[in-house]
Amino acid sequence: MADGRDRVVVEAHALRTATAKAALLHGSRRGPRDLRRPYATVIASLVVGALLLVAVWAITSIGGLLAQQRQKRGLAPPAATQPVSDAARPFLVRSAGPADRSEPTTPRTTLIG
């Protein structure tokens with residue numbers, strides 16, 4: 001009788017060892033039915049990507065609308081309202097206006113590159 005019990009204990013140990021080794025090598029999945037489908041992850045990634053695209057589109061649209069409103073009000077962009085520094089003055093050239101104008105005009109200033 002003791003011989004039968006020892007054999008059952010050894011077989012149980014071998015089965016547990018084989019199961020542990022298979023789980024270590026292949027994960028805890030036991031078959032194709034237990035495989036998790038990646039559909040939820042793919043759908044979540046697509047939703048996040050779509051939300052990012054909508055956010056970029058909205059920010060761009062709002063920026064364009066604000067620029068149009070500034071133009072309609074006659075406000076210049078911030079870079080154009082800053083005075084010209086003394087370091088940039090040697091590069092400024094006065095260009096004459098058209099000669100056929102009858103009213104006095106102020107000379108235009110342009111930046112040479």
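Counting Ile, Leu, Val, Met, Phe, Trp and Tyr side chains that sit under 4.5 Å apart, directly or through other members, Leu52 shares a hydrophobic cluster with Val48. Applying the 4.5 Å side-chain rule to ILVMFWY residues, one finds that Leu24 remains a lone member of its cluster.
Taken to the nearest 0.5 Å, the CG atom of Leu51 stands 11.0 Å off from the CG atom of Leu46.
For Thr60 against Val56, the heavy-atom pair with the smallest separation is OG1-O, 2.8 Å.
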Enumerate donor-acceptor pairs with a distance under 3.5 Å from any side-chain N or O in residues 8-18 to protein atoms, sequence neighbours excluded.
| residue | atom | partner | partner atom | Å |
| --- | --- | --- | --- | --- |
| Thr17 | OG1 | His13 | O | 2.7 |

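Listed by chain and number, the residues in a side-chain contact (heavy atoms from CB on, under 4.5 Å) with Leu66 are Ile62, Gln69 (sequence neighbours excluded).
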